[in-house]
Amino acid sequence: MHYDFNSIEKKWQEYWAKNQTFKAENDSEKEKFYVLDMFPYPSGAGLHVGHPLGYIASDIYARYKRHKGFNVLHPMGYDSFGLPAEQYAIQTGQHPADTTRVNIEGGVDKEGNKIEGYRKQLDRMGFSFDWSREVRTSDPKYYKWTQWIFIQLFNSWYNKATDRAEDIESLIAVFEKEGNATVEAVCDEDTPQFSAGEWKAFSEREKQEMLLKYRLTYLAESEVNWCPALKTVLANDEIVNGVSERGGHPVVRKKMTQWSMRITAYAQRLLDGLQKVDWPQPLKDSQTNWIGRSVGAQVTFKLKDSEHEISVFTTRPDTIFGVSFMTLAPEHELVQQITTEAQRAEVEAYVEATAKRSERERMADVKTISGAFTGAYAEHPFTKEAIPVWIGDYVLAGYGTGAVMSVPCGDQRDHDFAKHFNIPIPNIFEGVDISEEAFADKENTVIANSDFLNGLSYKEATKKVIAELEKLGQGQGKVNYRLRDAVFSRQRYWGEPFPVYYDADGLPHMIEEEYLPITLPEVDKYLPTETGEPPLGNATEWAWDTEGKQVVANDKIDHKTVFPLDLNTMPGWAGSSQYFNRYMDPHNEEAIFSKEAIDYWQDVDLYIGGSEHATGHLLYSRFWQKFMFDKGLVPKDEFAKKLINQGMITGTSAFVYRMHSKITVSQKLLGEDLSKADDLYELTRKSMVKTVQLKKNQIFIPKCFFSFHEYKKWKRSNGMPEEQVKQLIEADLVLERIKSYEHLIPEEEKDFFDLDKYSISFSGDALHADVSLVDSSDELDVEAFKKWRPEYRDAEFICQNGKYIVGREVEKMSKSKYNVVNPDAICEEYGADSLRLYEMFLGPLEQSKPWNTAGITGVHGFLKKLWRLYHSGAGGAFEVSDAEPSKESWKTLHKTIKKVEEDIENFSFNTTVSTFMICVNELGAQKCTNRAILEPLAILVSPYAPHIAEELWEKLGHTESISEAPFPKFEEKYLVESSKEYPISFNGKMRFKLEMPLDLSKDEIEARVMAHIKTQEQLQGRTPKKVIVVPGKIVNIVG
RNA sequence: GCUCGAGUGGUGGAAUUGGUAGACACGUUGGACUUAAAAUCCAAUGGCCAUUAUGGCCGUACGGGUUCAAGUCCCGUCUCGAGUACCA
C-alpha cells in the first residue's frame, strides 16, 4: 500500500472535526498550557506559504504539550475590523461585514472571484485549533466586551500613591473632602488646583470637565496626526517615516477633539514588566525605546523683566553652568508673550515658516539649522546672568516642556546651533577640547568653571545641583517619558462604535453596561459626510434614547432625553487588546469571562507572532492587561509569559531575460576616444547605421548572454580552462549571441551582422516569470510559459542544451513578483504533513528565510520512507513484528527521543526534522520492523506530521486518536557506550581516529595513543611537549 | 547617525559548556532498474594539490589576539538585515 496522503489527511481532518478532538475544557485535573497565535486579519488575498509558519510552530508545540499530559488551550479567531475591508467597501459599495465573512468562510465576491476562505485553508493544514472558541473582533457579541472595557477605563483614574488604577468614585470622594491639592494622580498638565469648597461649588458640567482630566480614557482637544488621504487620525505607531503605515499617505498635524488612552500612567510599569517576561530582546528593546524613559531634572528659569517662567527638562543638570542660551519650540505658548517688539517681525516670520513645513519635511531635513532670537532674556538660577531666549525647530513641542536649556559644549545640537548663530560656547569640562564638537560623554565628565560643581563627576554634580535647585525652589529631579497618550478615535466606519452619547453641553456620557453592545449602524456610503463628519454621520438611526434605552432615529434628538451618539469608531488595536483573555470563555454573555475560566487559564504560556506588532498591539495589550489586573479582573499583570517572533518567509523569484528585438548596427568606432563620456552619446548617435528589426519580438536569451560577467561564469562552468576564460572579450559574447538568434535576422539584413565592419548592440530587461513554471533545476517550462500570458504566445527561447534556465533572486513574496506560493497547492501535491515538515525544516523559526518549493521533495521522501518502515509486508502491506528489537534500534529510538524532546523545548524545530530523517534512515538500514520501536516513533512524529501519525497509529491497532498518547520516555540505558572513537589531533588538527574503551584512565589513553604507529608517523621522531587528554572527548598532542 | 542582530559549500542550513567544521536536505555528476519517463535504490560532491592506495595544504566575511585547541571567547575593520530617528 502506498502512502496516499490526500485521502489520509482528509480522513483525519474529518475525524478531528467530528470528534472535537482538540476542544479544551475549562475544568480539568490536568495542568493547563495556553498556546496562542497572533490572530490574522482575514484579507481577500488568502494565505501564502509564509503565513502559516508561526501557526505550524505553535501547533507542534501544542500537540507536543498534549502528549506531555497538559490540558492545552490552542484557539484561533480573526481580527476582522480594519481598513482594507473598508477601503474595499468604499470602492465597491459592499458591506464590509459581507466581504469579511466571505474572506473567512469562502464564497464568491461581487466581481465573481472565487475566494477559498481562511478557514478552509487553515483546516487543510491540520491545525489542532479548538474552533469552538473562535472569536471575531467585528462580531457584536465580541465587541460588546471591547466597549465594556472602554467604559471601565472611563470610570477609572490612576492613583500614583497606590500605583494602580482606581474607581473614579474614590477620586470624587477625595475631591469632596479636600479638593485636589493632595491627590497624587496622573492627570492633564493643565489641571488647575481647587479646594473641596470649590469642587462643591462647581456646576455638574465643570465637575465632569474636571474629571475628564483624570479618567484613563478621556476626551480632549489634542494635536493629532491627521491623514487627509485616509480621512482619519493615526496613532504614532501607525506612522512610519512620516507617512501612514497603511498606504504610505502624508500625515499632517491637526487639533481635534478625540478620545485618548492615558497609557502614560503605566509608562514605568510597562517598562518594569519587561523584566519578567521571556520575550525576544529586540522586541523588548523597541518597547523600551518607545517608552523612552530619561532621568534628569525639571528646571525653572525666571525671565528678566517679566512674570513668566520657562520650565525645561534636562538629562544633564550637571552642565547648568554651561548654559549660554535657551531654545523654545516655535509652537511654545510663551513665544508670543515674551518676544520683544524689535524681534517680533522676525520671530513671527519664522514661526509661520515652520508651521508651513510638514512634519515629514522637518524630519527629513535635520541638517539645516534655523531659528530666531526672541529678544527676551532668562536669568540663570545661580549666576543670575542674562541668557538669551531663542526659538528653533530642532526643539520639539511634543517632548518634555517644549523648551531646552542649551549647553553647546555638552550637546551637539546646541553646539551646531550656537556656531551657526555665533552664540558663545563656554567650556565647563576639565581638559576637553570643545572647539570642534560637543563633549557628551557622561562617564568621563569632570565639571569645571561651575562654581560649587567644580571637580565633580556627572553623578555627583547632578545630585548636588538638584539639591541646590530645590533649595531655590527652581527645580527638582524628574523622570520623563517619550511615550504619549494614545489617540483612540478613528474617523472610520469599520470598527467598534463608542458606547457614548453627548449631552447638550457636548459632554460625553457612557451608556449603561446592560445595554451593550451598541451595534454598528447601517449607512448608505462609507465615506465622510459632506460636512466633514466621519462615516457614522451618514447613519440615520444613530441617537441614544436615555429613557427607552435604545438606539433611535436621529430626528428624535431633542438633547433632553434623546442625544446624539459618538460618530467615531475605535482603532484596530482595540479588539486585539483583550482577545487572549476572551478565548478562555468566549461565549460568556454575562461577563467578559468567568472567574473560574480566568483562574484556571491565568495567562498565555506561549505566544507566537510577527515582530511588526512590537510597539502597537503588544504595548497596548500589556497596558489593558495591567489595567484589568488593577481592577482585580485578571490574576496576572503580564498576559504572555513567553513570546516568539517567527521570521518572514521570503519568495525566490524567477527571472527570464528578454532581448529587445530591435538591434542597433553602428559603424565600428576605430581610434575614437571613448573615455570622454560627454561625447559618447553624440558619437554613438552619429555612428549609427540602422536598426534591424528581428523576425520576432518576444525573444528570451539565457542569463549568461545578458552580461559579460555571467557569460564568463557560464564558460567556466562548462569546463573552459581558466586561462581561456581570462582571454574572453565582449566581442566573443556578441558573436555567441548573434549566432543564437541568427535565424531571426531577415535575409536582406544579414550583411549588417559582420563584426569586422559593424558594432552590434542590443538592450534587454529581466522579467519575473511565475515560479510555478520553473522546476527544481531552475529550468523553465517553456510551453507553459508561452500559455501563461497571451503576449508570450509566439515567444522565441534561445536555449542551451535544450533548456532555458531562469535567474533566481530572493525577494519579498508578492503577487506582482509572481513568486507567491499557495499552501493549498502544496497540500494538494505533497500533503499537509510535507508542508508542515518543510516549513520547519527551512531553518530556525525566528529567522527570515527564502521559500523554494523544489526542496520539499526531501521531506516528502522522508514521509514515504517512514511509511515504508511500517509496510514491510508483501506488496507493501502493513506489517510490524512483536519481536524484541535489536540493540541498535533501541539506541536509535532513544537517541531520537532525547534529541526531539530537547529540540522542541528549545523551539529548534528545524533540527528535529533532521533528527527524524536520521532516525528513519538508520531504522531503514537496520531493517527494523519492531512494534516496540515503531509505536513510540509514531508519537514522536505526530506533532509535526499528525495525519500520517494518526493513520499509522490506527494501523498499529489503536482505536483512540494519537493526540493524547503519552510522549515516549527517554531511557539513558540504551545509549550507554563502552567505547568511543577518539579523534586524535596534533597541534589542534585532527589526523586520525582511534577506538578505545571509555573506562580508560587519562594515562592509559595517553599510553595507547603514544604507542600507536600513526602517532609515531605524525611525530616523525619528535618528542611531544604536552599531551592533552579529555576522556570521552578528544586527545591533542602538542609538539 | 544611534541601537540590536547576522555573515559557514552551488543552495537552505547543522555543529550542547571552546574539543572531529559542513550533520540533514536540495541541487549537481555518475551508475542500477526501465522500451522510455516517473518513482525507487547505490555512489561521489568545500577548494586546491597529489595519487598505487595511504595522503598533503588551505578553508566558517576580513585583520589581529587569548588557548594545548576558536565557527564558538576578546579587540579592530568591512558587508548585509531589522528597528529608530533632532527625545534635550
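Order of the sequence lines fixes the chain letters, A, B, ..., with proteins taken first and strands second; residue numbering starts at 1 for each chain.
- Look at B:rA53: it lacks any Watson-Crick or wobble partner with both distances under 3.5 angstrom.
- Between A:F417 and A:Y394, the ring planes are tilted. Angles from 30° to 60° get that label.
- Per the geometry, CG belonging to A:N852 stands 13 Å off P belonging to B:rU11, to the nearest Å.
- Applying the 3.5 Å distance criterion, the base of B:rU20 shares no donor-acceptor pair with the side chain of A:K1033.
- Nucleic acid contact for A:V1038: sugar-phosphate only, since backbone atoms but no base atoms lie under 4.0 Å from a heavy atom of the residue.
- Residue A:E995 qualifies as enclosed at atom CD: its count of foreign heavy atoms under 6.0 Å is above 12.
- B:rC26 and B:rC41: their P atoms are spaced 10 Å apart (whole Å).
- B:rG46 sits 31 Å from B:rA82 when the C1' atoms are compared, rounded to a whole Å.
- Counting non-hydrogen atoms under 4.0 angstrom, A:N921 reaches the backbone sugars and phosphates but no base.
- Straight-line distance between the C1' atoms of B:rC2 and B:rG13: roughly 32 Å, to the nearest whole Å.
- Spacing of C1' atoms, B:rG10 relative to B:rG22, comes out at 14 Å, to the nearest Å.
- Under the 30°/60° scheme for interplanar angles, the aromatic rings of A:F970 and A:H894 are found to be tilted.
- No more than 12 heavy atoms of other residues, nucleotides or ligands lie within 6.0 Å of NZ in A:K891, so this atom counts as exposed by the packing criterion.
- Base orientation of B:rG9: syn, since the glycosidic angle falls within 90° of 0.
- Residue contacts for A:S611: at a heavy-atom cut-off of 4.0 Å it reaches no nucleic acid atom on any strand shown.
- The phosphate of B:rA82 (OP1 or OP2) has no side-chain N or O of A:S286 nearer than 4.0 angstrom.
- Using the Watson-Crick or G-U wobble rule with both distances under 3.5 Å, B:rA61 pairs with B:rU77.
- The nearest whole Å value for the distance from the CD1 atom in A:I918 to the C1' atom in B:rG13 is 13 Å.
- Between the CZ atom of A:R808 and the P atom of B:rG12 there is a distance of 13 Å, rounded to whole Å.
- In this model, the phosphate group of B:rC68 is not approached by any side-chain N or O of A:K1025 to a distance below 4.0 Å at OP1 or OP2.
- Figure legend. B:rU3 is base-paired to B:rA82; pairs are counted as Watson-Crick or G-U wobble with both atom distances under 3.5 Å.
- Taking atom P on both B:rG1 and B:rC73, the two are 26 Å apart, rounded to the nearest angstrom.
- Contact annotation: A:R413 reaches the phosphate of B:rC87 (side-chain N/O to OP1 or OP2, under 4.0 Å).
- B:rG13: no Watson-Crick or G-U partner with both key distances under 3.5 Å is found in any strand.
- Nearest-nucleotide assignment on RNA chain B puts the 5′-proximal partner with A:P850, out of A:K989 and A:P850.
- Base pairing analysis places B:rU40 opposite B:rA32; the two distances defining the Watson-Crick or G-U wobble pair are each below 3.5 Å.
- Remark: B:rU45 base-pairs with B:rG27; criterion is Watson-Crick or G-U wobble with both hydrogen-bond distances under 3.5 Å.
- Residue contacts shown for A:R991 are limited to sugar-phosphate atoms, with no base heavy atom under 4.0 Å away.
- In terms of phosphate contacts, A:Q847 brings no side-chain nitrogen or oxygen within less than 4.0 Å of OP1 or OP2 of B:rA6.
- For B:rA88, the OP1/OP2 oxygens have a side-chain nitrogen or oxygen of A:S294 closer than 4.0 Å.
- Ring orientation note: the planes of A:H860 and A:Y3 are tilted relative to one another, at an angle of 30° to 60°.
- Place A:V1035 and A:R482 on RNA chain B by their nearest nucleotides, and A:V1035 ends up nearer the 5' end.
- Listed pair A:K1026 / B:rC68 meets the phosphate criterion, a side-chain N or O lying under 4.0 Å from OP1 or OP2.
- Checking A:N906 against A:E902 by side-chain atom types alone, no donor-acceptor pair falls below 3.5 Å.
- Counting only N and O atoms by type, the side chains of A:T300 and A:E309 include no donor and acceptor under 3.5 Å apart.
- Side-chain nitrogen and oxygen atoms of A:N910 include none within less than 4.0 Å of the OP1 or OP2 phosphate oxygen of B:rA25.
- For the pair A:S776 and B:rG27, the criterion of a side-chain N or O lying under 4.0 Å from OP1 or OP2 is met.
- One C1' atom belongs to B:rA70, the other to B:rU20, and the distance between them is 14 Å to the nearest Å.
- When both distances must be under 3.5 Å, the Watson-Crick or G-U wobble mate of B:rA70 does not exist.
- Atom-to-atom, CG of A:D393 to P of B:rC86 comes out at 11 Å; the value is rounded to the nearest Å.
- Within the shown strands, nothing qualifies as a pairing partner of B:rG18 under the Watson-Crick or G-U definition with both distances less than 3.5 Å.
- Counting non-hydrogen atoms under 4.0 angstrom, A:D411 reaches nothing in the nucleic acid.
- A gap of 9 Å separates the C1' atoms of B:rC33 and B:rU40, to the nearest Å.
- With respect to A:R808 and A:D778, a salt bridge is recorded, a charged nitrogen being found less than 4.0 Å from a carboxylate O.
- The side chain of A:R868 places an N or O atom within less than 4.0 Å of a non-bridging phosphate oxygen (OP1 or OP2) of B:rC41.
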